[in-house]
Participant: 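The structure that follows is given in the form of structure tokens.
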Amino acid sequence: MSRVAVLGGGTSPEHDVSLRSAAAVADALTAAGHDPVAMTIGRDGVWADGGGPLGRTPAASLAAGVGLLAGCDVVFPVLHGAPGEDGAIASLADLAALPVVGCPALGGAIAMDKHATKAVAAALGIGVADGVLLLPGDPVPQVPTPVVVKPTTAGSSFGVSVVRDPADLAPAVALARTAGGTVLVESYVRGREVQLAVVERRDGSLTVPPPVEYGVAEGEVFDTSRKYDGTAVVRFPAAVDEPVLAALREAAVRLFRALGCGGLARFDFFVTDDGFVLNEVNTMPGMTPQSGFPRMCAAGGLDLPGLVDELVAVALLSSGTGPVGSRAAAPAPA
């Protein structure tokens, strides 16, 4: 049994989703025989535990929070978006010499940035959409529509727009900048959105369970509301021809390794008539009952208690502490 600090909330727009994911992870840890210690980061950056805020300011509460972390064996940051999923918590854990579940600091930082991630993917020969990177202060470009406008570091489709009329491009860029100063303007890709989960196992192997597909009407986007209101068309497992599925799995595994991911990650692709292109990578996927990641893992033979137990064991092994998982490792499906 391990004492596991479970961090939820955060200052990103994904605060509420993170709280639900963290609660699910804490329950699963308990079911797996571990001792979860719930901690939250408020929208204002103030850390808290079950007794309330740990200080009056983010800095003061962080100082107290580190003291609580020091009493734990592993840190499990169930934070969606930045700061947190971008390697910030992994860096804090590194400084405190604490094992951390998920991506190391550098891998989290790179994978959180959609532009950097796609540069790595392109270098591996994995297809990506044509796009223009807009830095803070850059003018709105003149590009043929339709395009997708998105912040480079936000998740859950916050700030994402599909633009068909050039007159709507400037407002879409302004909206994206509210979720992050750097923006991507990409060619619209017509295809099926297929998501793959990758899980690192305690023996060093990577498991890629059956994928899931999310469907929306032609010309629409799998936006924030559809991700959590249950209205998206879900095909599970995704109906993907075996040769395409094999290529998707290979691409996901290669990206996991090349980006320096650890523990777990979700890879979202668009499957088109001409092949597939990478949409984005998520290094701390949602763990809510509506989330695709735990559903994929369960279909691959790894329920949520088994998943979190495996991730804790991997974190301890990566730190040199050694395996202490309370459950036997499930067979790793193809």
Side-chain angles (χ1 to χ4, degrees), residues 1-12 14-15 18-19 21-22 25-26 29 34-113 116-117 153 155 180 200 202 256-265 281-285 308 310-325:
M1 181 182 79
S2 294
R3 188 171 173 83
V4 184
V6 181
L7 273 61
T11 60
S12 84
E14 299 174 85
H15 177 93
S18 172
L19 290 179
S21 289
V25 166
L29 284 166
H34 296 287
D35 179 18
V37 178
M39 301 175 67
T40 62
I41 301 174
R43 289 186 176 86
D44 58 358
V46 171
W47 290 50
D49 65 1
L54 297 173
R56 299 180 63 181
T57 66
S61 65
L62 173 59
V66 169
L68 289 179
L69 295 179
C72 297
D73 302 307
V74 183
V75 181
F76 200 138
V78 196
L79 296 169
H80 306 319
E85 192 179 348
D86 57 352
I89 298 299
S91 295
L92 176 65
D94 285 348
L95 290 171
L98 286 170
V100 62
V101 169
C103 270
L106 182 58
I110 295 173
M112 188 73 201
D113 188 302
T117 293
T153 57
E200 185 178 4
R202 65 186 78 192
F256 189 99
R257 299 294 194 197
L259 292 169
C261 295
L264 72 167
V281 177
N282 191 313
T283 59
M284 184 50 66
V308 298
E310 195 77 1
L311 294 174
V312 167
V314 168
L316 288 166
L317 284 165
S318 298
S319 70
T321 305
V324 297

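Keep in mind that the numbers below use all heavy atoms, side chains included, and drop hydrogens, waters and symmetry copies.
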Participant: If the test is side-chain contact (heavy atoms from CB on, under 4.5 Å), which one of Val74, Asp73, Leu69 qualifies with Leu98?
Facilitator: Leu69
Participant: Counting C-beta onward and ignoring hydrogens, is there a side-chain heavy-atom pair between Val4 and Val308 closer than 4.5 Å?
Facilitator: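 Side-chain contact under 4.5 Å: no.
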Participant: Quick one: closest heavy-atom pair of Cys261 and Pro104, and the distance?
Facilitator: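 Shortest heavy-atom contact: C-CD, 4.1 Å.
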Participant: Any donor-acceptor pair under 3.5 Å linking the side chain of Ser12 with the backbone of His80?
Facilitator: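 Yes; judged by distance alone, with no hydrogens or angles, the pair exists.
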Participant: Examine distances only and state if a side-chain atom of Thr57 and a backbone atom of Val46 form a donor-acceptor pair shorter than 3.5 Å.
Facilitator: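 Answer holds: no.
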Participant: Shortest non-hydrogen contact from Pro83 to Thr11?
Facilitator: CD-OG1, 3.2 Å
Participant: What are the two closest heavy atoms between Cys103 and Gly108, and how far apart are they?
Facilitator: CB-N, 3.7 Å
Participant: Where do Ile89 and Leu79 land on the side chain to side chain contact (heavy atoms under 4.5 Å, CB included) test, with the steps shown first?
Facilitator: CA-CA 9 Å; Ile89 298 299; Leu79 296 169; 3.6 Å; yes
Participant: Is Glu200 reaching over with its side chain to a backbone N or O of Leu311, donor-acceptor style, under 3.5 angstrom?
Facilitator: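 Here the side-chain-to-backbone pair does not exist.
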Participant: So how far is it from Ser61 OG to Met39 CE, rounded to the nearest 0.5 Å?
Facilitator: 9.0 Å
Participant: Rounded to the nearest 0.5 Å, how far apart are CG of Leu19 and CD1 of Ile41?
Facilitator: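 Going from the CG atom of Leu19 to the CD1 atom of Ile41 covers 10.5 Å.
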Participant: Which heavy atom of Leu264 sits nearest a heavy atom of Phe256, and at what distance?
Facilitator: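 Closest approach of Leu264 to Phe256, heavy atoms only: C-CE1, 3.9 Å.
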Participant: Within the side chain of Ser18, is there an N or O that forms a donor-acceptor pair under 3.5 Å with the backbone of Val78?
Facilitator: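 Between the backbone of Val78 and the side chain of Ser18 there is a qualifying donor-acceptor contact (under 3.5 Å).
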Participant: Would you mind reporting whether Val37 and Asp49 have side-chain heavy atoms less than 4.5 Å apart?
Facilitator: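 No. Closest side-chain heavy atoms not under 4.5 Å.
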Participant: Assess the residue pair Leu68 and Leu54 against the criterion (side chain to side chain contact (heavy atoms under 4.5 Å, CB included)); give the C-alpha distance rounded to whole Å, side-chain angles, the decisive distance to 0.1 Å, and a yes or no.
Facilitator: CA-CA 10 Å; Leu68 289 179; Leu54 297 173; 3.8 Å; yes
Participant: Please determine whether side chain to side chain contact (heavy atoms under 4.5 Å, CB included) holds for the pair Thr153 and Asp86, giving the CA-CA distance in whole Å, both sets of side-chain angles, and the decisive distance to 0.1 Å.
Facilitator: CA-CA 8 Å; Thr153 57; Asp86 57 352; over 6 Å; no
Participant: When you measure from the side chain of His15 to the backbone N and O of Gly42, does any donor-acceptor pair fall under 3.5 Å?
Facilitator: no
Participant: If I compare all heavy atoms of Ala111 with all of Thr283, which pair ends up nearest, and what's the gap?
Facilitator: CB-CG2, 3.4 Å
Participant: Is the shortest heavy-atom distance from the side chain of Thr117 to the side chain of Met112 under 4.5 Å?
Facilitator: no
Participant: Is any side-chain heavy atom of Val75 closer than 4.5 Å to one of Leu92?
Facilitator: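 No, side chains not in contact.
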